[in-house]
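Computed from a predicted model, the values in this text were never measured in an experiment.
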2 protein chains.
Amino acid sequence: MAAGQGSASEMARALDAAEARCVRSGAQLTELRRQVLALVLEADQPLGAYALLDRLKAQRPGAAPPTVYRALDFLLEQGLIHKVERLNAFIGCVEAGHDHGHDHDHAHDHQFLICGSCGATIELSDHAVAHALADAARRVGFQLRKTTVEAEGLCAACLAAGAGAAVAASPG
Amino acid sequence: MAAGQGSASEMARALDAAEARCVRSGAQLTELRRQVLALVLEADQPLGAYALLDRLKAQRPGAAPPTVYRALDFLLEQGLIHKVERLNAFIGCVEAGHDHGHDHDHAHDHQFLICGSCGATIELSDHAVAHALADAARRVGFQLRKTTVEAEGLCAACLAAGAGAAVAASPG
DNA sequence: GCGAATTCGGTTACTATATAACGCGGGTGC
DNA sequence: GCACCCGCGTTATATAGTAACCGAATTCGC
Ligand SMILES: [Zn+2]
Ligand SMILES: [Zn+2]
Ligand SMILES: [Zn+2]
Ligand SMILES: [Zn+2]
């Protein structure tokens, strides 16, 4: 399974880091946005907007689709979360807690590895992949703005657990 | 703009190649499937399922969502088209007409470059990108099954036409 | 020939994902 | 007070995708 934020203190630290990041960029991490971010972070796999909405309703009974989509848009702009296109789902950015690096540039190159067996989604920041794609684009005169690199397969844990055999040769 | 199938003869050749490919894999390229494939191929950019449905209704008034989705599923399985995840849209595979290569393996590694200005979508089959991603996955013990590599930006034509400046410094 | 099984696709209904549009309340500047 | 912006509640709608049922056509076994 993917990690999520294991403990309450980890979660608090992550939310504080998000707060700091927003302050630096002149944005407000409001109560709603913080709640949605917490829901994304505490999940152990990417959650769809409506799954988040269901959970949010526990704290905010009047919540509707625009409630959660607006918060998600904000969190995406701030680089605190990513959207997994293949799943139409959202996941916390593993680098969001880092104070160093691309502070002013709220996007960063990343790749997702999505386990088809357990749903775990691993975020990578592999420069070789990013560079290879940039090179390929440059070769055809294309100027990159934003990349989406996602792969589906089997994570190490599921491979070790024999899920590979189970999936590849399922008796069904 | 992207190419689509420029002429009627190109289209006929592409459809015949698709037919041959289906025969080899024991599948039937029925009239419906051929119509949907033709609609995908004649477009100069990726089309969504409902855009295809609208066009299909001209030839097949009773068409409904399942009509087009079933045809699209078939065409995807045969490797004749791809889905662009970022757009929820479908585009013809540039390699579908080739008799050589991965005949029995109906998927192939590919990448899309999507122009945010004109909508042109370029399909690449860049081995360096595919290998870099495979390496990154192997390094964390992840077994790849299917990859999605898509980038948004500006195509060469739009850059040359000054769309870069227009987009980057639009007076609005 | 006849029934079983399969494939294809018409049809209805529905679920899931995402956005448009309106309006209100609270803060800020003046 | 008033204009302005922002955040968000609220309603309605748009877009994307699927489930389930049905009947016609084909194939296969007998
Ligand atoms: Zn990230
Ligand atoms: Zn797994
Ligand atoms: Zn292709
Ligand atoms: Zn362009």
From [atom1] of [X] over to [atom2] of [N], roughly how many Å is that when rounded to an integer?
X: B:Leu56; N: C:dG9; atom1: CG; atom2: P; answer: 11 Å
X: A:Glu31; N: D:dG9; atom1: CD; atom2: C1'; answer: 16 Å
X: B:Leu32; N: D:dA25; atom1: CG; atom2: C1'; answer: 15 Å
X: A:Lys57; N: D:dG9; atom1: NZ; atom2: P; answer: 12 Å
X: A:Gln59; N: D:dC8; atom1: CD; atom2: C1'; answer: 16 Å
X: B:Leu53; N: D:dT18; atom1: CG; atom2: P; answer: 15 Å
X: B:Leu47; N: D:dT15; atom1: CG; atom2: C1'; answer: 15 Å

Original post:
If you round to the nearest 0.5 Å, how far is SG of B:Cys118 from CD of B:Gln45?
Top reply: 7.5 Å
**OP:** Could you tell me which residues satisfy ring pair (Phe, Tyr, Trp, His ring centres under 6.0 Å) with B:Phe74, sequence neighbours excluded, listed by chain and number?
**Re:** none
**OP:** Assign a letter to each nucleotide of nucleotides 11-24 of chain C from its 5' end: B, base within under 4.0 Å of a protein heavy atom; S, sugar-phosphate only; -, no contact.
**Re:** BB----BBBBB---
Return all side-chain donor-acceptor pairs below 3.5 angstrom for residues 83-90 of chain B, not counting sequence neighbours, or 'none' if the list is empty.
{"from": "B:Arg86", "atom 1": "NH1", "to": "A:Thr148", "atom 2": "OG1", "distance (Å)": "2.5"}

Any side-chain N or O of [X] below 4.0 angstrom from OP1/OP2 of [N]?
X: B:Gln28; N: C:dC8; result: yes
X: A:Arg60; N: D:dC8; result: no
X: A:Thr30; N: D:dC8; result: yes

Subject >> Pairwise ring pair (Phe, Tyr, Trp, His ring centres under 6.0 Å) hits with a residue in residues 130-157 of chain A, at least two apart >> reply: A:His127-A:His131
Original post:
B:Arg34: what forms a side chain to side chain donor-acceptor pair (under 3.5 Å) with it, not counting sequence neighbours?
Top reply: B:Glu19
**OP:** Just jot down the side chain to side chain donor-acceptor pair (under 3.5 Å) partners of B:Asp73, sequence neighbours excluded, or say none.
**Re:** none
